[in-house]
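Take a look at the structure below.
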2 protein chains.
Amino acid sequence: MPDITSQTYTRADEAFDCLQTAIVKGDLAPGDKIGELDLCSRFELTRGPLREALGRLESRGLLVRRPHAGVKVVSVSASELVELYRIREVMEGLAARQAAERMTDQEIADLKATLDAHETMIDEARGQAYYQAEGDYDFHHRIATGSRNTKLAQMLLGDLYYMVRMYRYRLSTSAGRPHRALGEHRRIVEAIAQRDGELAEFLMKRHINAARENIEKQIEEGVLTV
Amino acid sequence: MPDITSQTYTRADEAFDCLQTAIVKGDLAPGDKIGELDLCSRFELTRGPLREALGRLESRGLLVRRPHAGVKVVSVSASELVELYRIREVMEGLAARQAAERMTDQEIADLKATLDAHETMIDEARGQAYYQAEGDYDFHHRIATGSRNTKLAQMLLGDLYYMVRMYRYRLSTSAGRPHRALGEHRRIVEAIAQRDGELAEFLMKRHINAARENIEKQIEEGVLTV
DNA sequence: TGCATCCAGATTGTCGACAAACTATGCCGG
DNA sequence: CCGGCATAGTTTGTCGACAATCTGGATGCA
């Protein structure tokens, strides 16, 4: 019997993961024209699997490809980043509502514990920005999966979050925002724990709206290029 | 100068389109295990481009792939179809709101003309189901692009609609629904024409909600297998 | 009879090489 | 001096073949 857990990673999967993280972490800057054999030598694989991975990345919108002309990392303008948050607002609002209806008590308890861990991290102020960013991602990740909506989770985790994270390292978290964000998170979890889907949706939408406004402020201040 | 409009279709693109339409039209039934060289002989191409296309389809959620075990068309359960409509509700609501804010007067006029064309088609009752289905798709398509939200349109047109259309041919449109749907469309367009984004969003959400309830009714009646 | 094991066949993953298309450099004409 | 064009070089798209892995049936044993 084939071990169902072994998942047998193929070279294409490996290439896909490597490229995706490379793009998200910024090792491959937006707008870069990257050659296929450059990537082959960098990741120790041949062009076959690589091209398959490139196809997947293109389909997810992280790469743009012009036939015979090469592939370059997609460059998301600041205005498009704002549009991304508008999508997040409605989709994560839905996720929060469904999570309130469907999450198990155990999952909710874990979610609370996660927030406690985030709080100590923020209070200790060590690597504030990084940990806050990862903690934020963790929080939204749990709610997306908790919605029990397969396609919704797939779209959020597989598409939107990667594009948002591409720009996360550029965004300066304004002082005091981590604490405020944590408070918003706590209120959302409370609503979920009370199984109040309507409230959870409202709070989540407002939470992401606040994040969007924060970004728009940075754009006006010229911190982020349009 | 290379003609920007010529787009130079590559074999992989061709394979992608062929497979996508084959899946949507039902030529490849959900759950089918399909072999790579079967597909190669069917579409007159080799495994290289085919595998690239398969990677894209998999990334879009139309196929599932297990290493060394082959690829099969994704089978969306009826409950998952309902979840899809929940996503559509919030995303198309957003699209309608942004369309109300951003569509040009010309686009709105075209949209109205489209609805008029649909009405005559429905009244003449020729190919009612088919034309209604295509007309409905056309309507939503225009609003998605009219939102000027690149990623939103991409997710709707490139992901959700294909999965919904996979099941469209199974859904029996209940008598009188085309007329009612057309009326709902008209009201949405009116709101857009008046630049009332909030109302457009509300009406669109209600419109898709009605479609979802129609599907749920069919599920209860056993028309659609769960 | 039922179950586990093994083997054969077919299928998938991977690789290297050939042909077509684009980019850039240099040249020519105005 | 500038713009357009031809050519060389590189990169991409495509193809066929080899090796690793999974599926299904037959076999042996309890």
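We name chains A, B, ... by the order of the sequence lines, and we start the count at 1 in each one.
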Given [options], which nucleotide is nearest the side-chain atoms of [X]?
X     : options                : answer
B:A69 : D:dG13, D:dC22, C:dG13 : D:dC22
B:R47 : C:dT12, D:dT12, D:dT23 : C:dT12
A:E36 : C:dG13, D:dG16, D:dT12 : D:dT12
B:R51 : D:dT14, C:dG13, D:dT11 : C:dG13

Tell me: [atom1] of [X] to [atom2] of [N], nearest whole Å?
X     : N      : atom1 : atom2 : answer
B:R65 : D:dC22 : CZ    : C1'   : 15 Å
A:R11 : D:dA20 : CZ    : P     : 12 Å
B:D38 : C:dT11 : CG    : C1'   : 10 Å
B:R56 : D:dG13 : CZ    : P     : 10 Å
B:K72 : D:dT23 : NZ    : P     : 11 Å
B:E52 : D:dT14 : CD    : P     : 8 Å
B:L50 : C:dT14 : CG    : C1'   : 15 Å
B:K33 : C:dA10 : NZ    : P     : 18 Å

For B:T104, is there any backbone N or O sitting under 3.5 Å from a side-chain donor or acceptor partner on B:E107?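 Yes; judged by distance alone, with no hydrogens or angles, the pair exists.
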Does B:R97 reach the main-chain N or O of B:A200 with its side chain, forming a donor-acceptor pair under 3.5 Å?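 No, because the side chain of B:R97 does not come within donor-acceptor range (under 3.5 Å) of the backbone of B:A200.
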Do you see a donor-acceptor pair shorter than 3.5 Å between the side chains of B:N209 and B:Y85?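 No pair is found: no donor N or O on one side chain lies under 3.5 Å from an acceptor on the other.
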C:dT14 OP1/OP2 closer than 4.0 Å to side-chain N/O of A:T10: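 For C:dT14, OP1/OP2 do have a side-chain N/O of A:T10 under 4.0 Å.
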side-chain N/O A:R66 vs C:dC22 OP1/OP2, d < 4.0 Å: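 So the side chain of A:R66 is outside the cut-off, no N or O lying under 4.0 Å from OP1 or OP2 of C:dC22.
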Check whether NZ of the Lys or CZ of the Arg B:R165 lies under 6.0 Å from the centre of the six-membered ring of B:Y161 and within 45 degrees of that ring's axis.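 The answer is no; the distance or angle limit is not met.
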Check the pair A:Q98 / A:L152 against side-chain contact (heavy atoms from CB on, under 4.5 Å), numbers first and verdict last. CA-CA 10 Å; A:Q98 295 193 314; A:L152 179 63; 4.0 Å; yes
Could you pick out which residue, A:E44 or A:H68, lies toward the 5' side of DNA chain C when each is mapped onto its nearest nucleotide?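 Residue closer to the 5' terminus by nearest nucleotide: A:E44.
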What is the nucleic acid contact for A:G48, judged by heavy atoms within less than 4.0 Å: base, sugar-phosphate only, or nothing?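 Contact class for A:G48: none.
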